[in-house]
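To find a chain, count down the sequence lines: A is the first, B the second, and so on, and within it residues start at 1.
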There are 2 protein chains.
Amino acid sequence: MARTTRETILTATAELMRVKGFGAVAMKDVVAASGAPIGSLYHHFPGGKTQIAREALVAAGAAYGLLIPTLMAPHDDLGEGVEAVFMQAATDMAETGFANMCPVGSVAAEVADTVEELREATAAVFTDWVDGGTAYFASRGLGTTAAREVTVAIVTALEGAFLVARTLRDTEPLTTTGRVLARGYVGVPLAAAAESAVPRVTTSSA
Amino acid sequence: MARTTRETILTATAELMRVKGFGAVAMKDVVAASGAPIGSLYHHFPGGKTQIAREALVAAGAAYGLLIPTLMAPHDDLGEGVEAVFMQAATDMAETGFANMCPVGSVAAEVADTVEELREATAAVFTDWVDGGTAYFASRGLGTTAAREVTVAIVTALEGAFLVARTLRDTEPLTTTGRVLARGYVGVPLAAAAESAVPRVTTSSA
DNA sequence: GTCTATAAGAGGATAGAC
DNA sequence: GTCTATCCTCTTATAGAC
């Protein structure tokens, strides 16, 4: 894979963005990682760094969209399947030393309010993931509304759990989120709210 | 609030990071936003940009930790409370034009594999949120394990839903994730997996 | 403790030979 | 289509007067 110069540049950039995000990747890094000289980068991608990032995100996003259907396939209970998806994510993350798995989520967080072209690209990837998951769950008998809802929840919760797990270097956020998302908490009673239970603000007047 | 020069610098930096993240905020921006000259920044924070960001994140994180207990207080059913938290988040986000709400999550995504000092700072904030939420739910009658699990799930799902909502400029990820998280999906049956339902990879050979 | 001027380097992008 | 040399801007950080 990655035969042409173009493809080599894109896969090298996706890999760099997976680790360092968008802003922290320099064109110099792409030159070093891809082996292509700087002139070739601008020859193939006249839009510069932003265009390279955009195309790399779209290609990486398409590959990751297959993951949820693949992991759900062996299960015939939605709750079990959801939990299995998060468990697999936890295992993968621990095995790779809590490195980032996919560049889309972290780059999305970085560019949502700053680089409109890349916000649109990451938005398109999220939309494709939701549409693909919705079609998959619908094919397995869920109504369109339910299929879409569960897909949205899996995508958002997975992105958030990845972020917290990566930050804490701990799989608990993934395993726990998967379990809670599968089970839900409707009908669990809470005692009357106690004022004293609200934690105090720790002001940093150091 | 923010009387001293130190505090002015920290609040200005937190506000800048909320919008632009860490890397895209230049010291020049902090100078402009805080009114303090560059020399004062390095006088009060010898550790430079990273130290300023670290202290700003800790201070901002402490304030946001109060949000979950505050929003949960009126509810005596856990599922209802969870849904209310996400609904409130959706309302706030729409009212502010889908701007980022809190700098912690987006900066965490940016620095987790690159700036160890800030990874530790964001990890400490997440840990405080979970500990605070666990104590709160325990005070409302949940067992310690259940209290911790539901807090972890709320924090991770909320961060992920914020990210996707901000990227799509749409509240659906927040409202839907809240609803699904509250309800859960255990026991929902799935039909046999159909191979054809797996979406194809869209290669960007444009 | 406040502020200005400047150093030293890294950033993205381009021109133009081959 | 490949590759090198270079431009100009912007970055963080420091020195040192006040």
* Residues A:Glu83, A:Arg183: salt bridge by 4.0 Å N-O rule -> no

* Cationic N near anionic O, under 4.0 Å, B:Lys20 to B:Asp29 -> yes

* Asked: Counting only side-chain N and O atoms of B:Thr5, is one of them less than 4.0 Å from OP1 or OP2 of C:dG1?
  -> no

* **Between C:dC3 (C1') and B:Ile9 (CD1): distance, integer Å** => 13 Å

* Non-hydrogen side-chain atoms of B:Phe98 and B:Thr167 separated by less than 4.5 Å -> no

* Asked: Could A:Arg148 and B:Glu172 be called an ion pair, given the rule that one side-chain N must be under 4.0 Å from one carboxylate O?
  -> yes

* Asked: Rounded to the Å, how far apart are B:His44 NE2 and C:dG1 C1'?
  -> 6 Å

* List the atom of B:Glu117, the atom of B:Arg54, and the distance in Å for their closest heavy-atom pair. => OE2-NE, 2.7 Å

* Answer yes or no: does a side-chain N or O of B:Ser40 lie under 4.0 Å from OP1 or OP2 of C:dT2? => yes

* To do: Only pairs at least two apart or in different chains count here, so list each side-chain hydrogen bond (donor to acceptor under 3.5 Å, both in side chains) that has a residue in residues 153-162 of chain A.
  => A:Thr156-B:Thr177

* **Neighbours of DNA chain C within residues 109-116 of chain B, by heavy-atom distance under 4.0 Å** => none

* When you check the phosphate oxygens OP1 and OP2 of C:dT14, does a side-chain N or O of A:His43 lie under 4.0 Å from one of them? -> no

* **Sequence-aligned protein contact record of nucleotides 6-18 of chain D, with B where the base is within under 4.0 Å of a protein heavy atom and S where only the sugar-phosphate is** => -----SSBB----

* Asked: Quick one: does A:Val155's side chain get under 4.5 Å of A:Ile68's, heavy atoms only?
  -> yes

* To do: Flag this pair as yes if the NZ/CZ of A:Lys49 is under 6.0 angstrom from the six-membered ring centre of A:Tyr42 and inside a 45 degree cone about the axis; otherwise no.
  => no

